[in-house]
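Below is one structure, written out as structure tokens; comments come after it.
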Amino acid sequence: MTPMLRRAVARAKCSKCERPAVAEIRYARLRLCREHFNEFMEKKVERVLRRVGVLQKGRIVVAAVSGGKDSSTMLAILSKLSKKYGFRVIGVHIVLGIREYSEKSLEKIQQLCRELRVECLVIDLERVIGFTVPELARRAKRPTCSVCGLVKRYILNAVGVELGADYVALGHNTDDIIAYSIKSFINHDITQLAKFGPSTETIKGVAIGRLRPLFEVYERESLLYALVNKLPIVIDECPFRPRSPMEDKIKEFMNSLEDDHPGIKLAFVRRLEKRLGFYKSLAESQKYGRCKYCGLLSAGDVCSFCRVTEKAAGKPLGPLVRSEIRRLVASIRERSKAP
Ligand code: AMP
Ligand code: ZN
Ligand code: ZN
């Protein structure tokens, strides 16, 4: 939003009440006050959750929280909806060991979970396996970001399995999903594209489905939600993030299209969701089994986490991580039983 527009919005009234507007939603022709903006955002998430069948008593959602605006907004909205519908939300944060960035993230997460009164599981990688992400990457001779992604996917899935969760929720917003889908088009990777819906399937006991509650939430809306509700968030970016990733250029381009065609980003993800069945029918069939060391999902004999840790530490560390997570989950169960 330009400074001029921001001033204009600041003076404008909410389209639904007399209060001053904090948000202008061009594609919906709405100006909204804080309360009505919150309601608008919560409805968006509620609709996605309804479509995938989460709004039921007894469902368990593990919310992966990084400390950034998106996953914090996601957790705040999930926590509100969980009270309304009776599903359970448990936050999970992985301490990756990326210097001050990780320390700040942990601080914000603990504050957020306290404020929202959401149970949060903290998994400190260095404490569990003896290495931070950068150290693991150095020893395994792999790029830091790829090892980081792999560690996060593995631990989040392992937590989901141990908790018997229905979904692991990620903070991907509309802009992220569009950028990843366009990247998949550039690579002609339909198999990858078929995974970018609001949810993916669970393979019981081995792999927990992904949930993207912010599927229809624009990046700027997610930031605004965090700001107007004063959620504790980290603003800094990970020091290992590439300087000009392709995703950022795609996002810039899509935002300039959105300026001329309000709502085009929303239409993109909605059409993507409608087309998922078709893309899935074109996807290459992937055979999955269980890792011979840790028992979790693996394309080959050994999962990528066990492979990388074997290279870095001389032995696969999947089993160690799983037993530590089992211990943490048991302590959560004990606490929730306590009066
Ligand atoms: P990224 O892979 O960094 O783009 O993050 C995608 C999503 O993964 C975030 O929106 C979070 O839901 C989750 N995530 C990222 N970092 C962490 C972390 N350190 N601990 C738990 N979840 C994370
Ligand atoms: Zn209002
Ligand atoms: Zn394994």
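We count residues from 1, following the sequence as given. Both ligands and their constituent atoms are indexed starting at 1 by order of listing. Bear in mind the structure is a predicted one, so any value in this text is a computation, not a measurement.
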For ligand 1, which atoms, with element, lie under 4.0 Å from some heavy atom of V92? 21 (C)

Any idea which protein heavy atom is nearest atom 19 (N) of ligand 1, and the distance to it? I94 O, 3.0 Å

Over all heavy atoms of both residues, which pair between V45 and L214 is shortest? Give the atoms and the distance, please. CG2-CD2, 4.1 Å

Examine G171 against ligand 1 and note whether any of their N/O atoms are separated by less than 3.5 Å. yes

Evaluate E310 against K315 for salt bridge (Lys or Arg N to Asp or Glu O under 4.0 Å), listing each step before the verdict. CA-CA 4 Å; E310 189 169 28; K315 68 171 187 188; over 6 Å; no

Is the shortest side-chain N to carboxylate O distance from R31 to E24 below 4.0 Å? yes

Using a 6.0 Å distance limit plus a 45 degree cone around the ring axis, check whether K44 lies over the aromatic ring of Y218. yes

N or O pair under 3.5 Å between K152 and ligand 1: yes

For F278, does the six-membered ring have the charged nitrogen or CZ of R275 within the cation-pi criterion, i.e. under 6.0 angstrom from the centroid and within 45° of the normal? yes

Contact atoms of ligand 1, heavy-atom distance to L96 under 4.0 Å: 19 (N)

Under 3.5 Å between any N/O of M74 and any N/O of ligand 1: does that happen in this structure? no

List-wise, which protein N, O or S atoms are found short of 2.8 Å from the Zn ion (ligand 3)? C291 SG, C294 SG, C303 SG, C306 SG

re atom 4 (O) of ligand 1, the protein heavy-atom contact at minimum distance is Y180 OH, 4.0 Å

Is any side-chain heavy atom of R142 closer than 4.5 Å to one of V308? yes

Between H172 and Y180, how do the two ring planes meet: parallel, tilted or perpendicular, split at 30° and 60°? perpendicular

Ionic contact status for K251 with E247, cut-off 4.0 Å: no

So, for E135 and F131, which heavy atoms are closest and what is the spacing to 0.1 Å? CG-CD2, 3.6 Å

Check each atom of ligand 1 against the heavy atoms of V65 and keep those under 4.0 Å away; list them by number with element. 18 (C), 20 (N), 21 (C), 22 (N)

The option among S66, S72, C145 carrying the non-hydrogen atom nearest to atom 17 (C) of ligand 1 is S66

Checking a contact table here: which protein heavy atom is nearest atom 8 (O) of ligand 1, and how many Å away? L170 CD2, 3.9 Å

Within ligand 1, which atoms have a heavy atom of H172 less than 4.0 Å away? 6 (C)

Got more than 12 heavy atoms from elsewhere within 6.0 Å of CZ, R326? yes

Do I155 and E324 have side chains that get closer than 4.5 Å, going by heavy atoms? no

Test of geometry: compute the angle SG(C14)-the Zn ion (ligand 2)-SG(C33) and round it to 10°. 110°

Going by heavy-atom distance to atom 13 (C) of ligand 1, choose the closest among C148, A63, A64. A64

Closest heavy-atom pair and its distance - S222, D70: OG-OD1, 2.6 Å

Would you please test F305 and C294 for side-chain contact (heavy atoms from CB on, under 4.5 Å) and show each step? CA-CA 9 Å; F305 184 82; C294 70; over 6 Å; no

Taking the Zn ion (ligand 2) as the vertex, measure the angle between atom SG in C17 and atom ND1 in H36; round to 10°. 110°

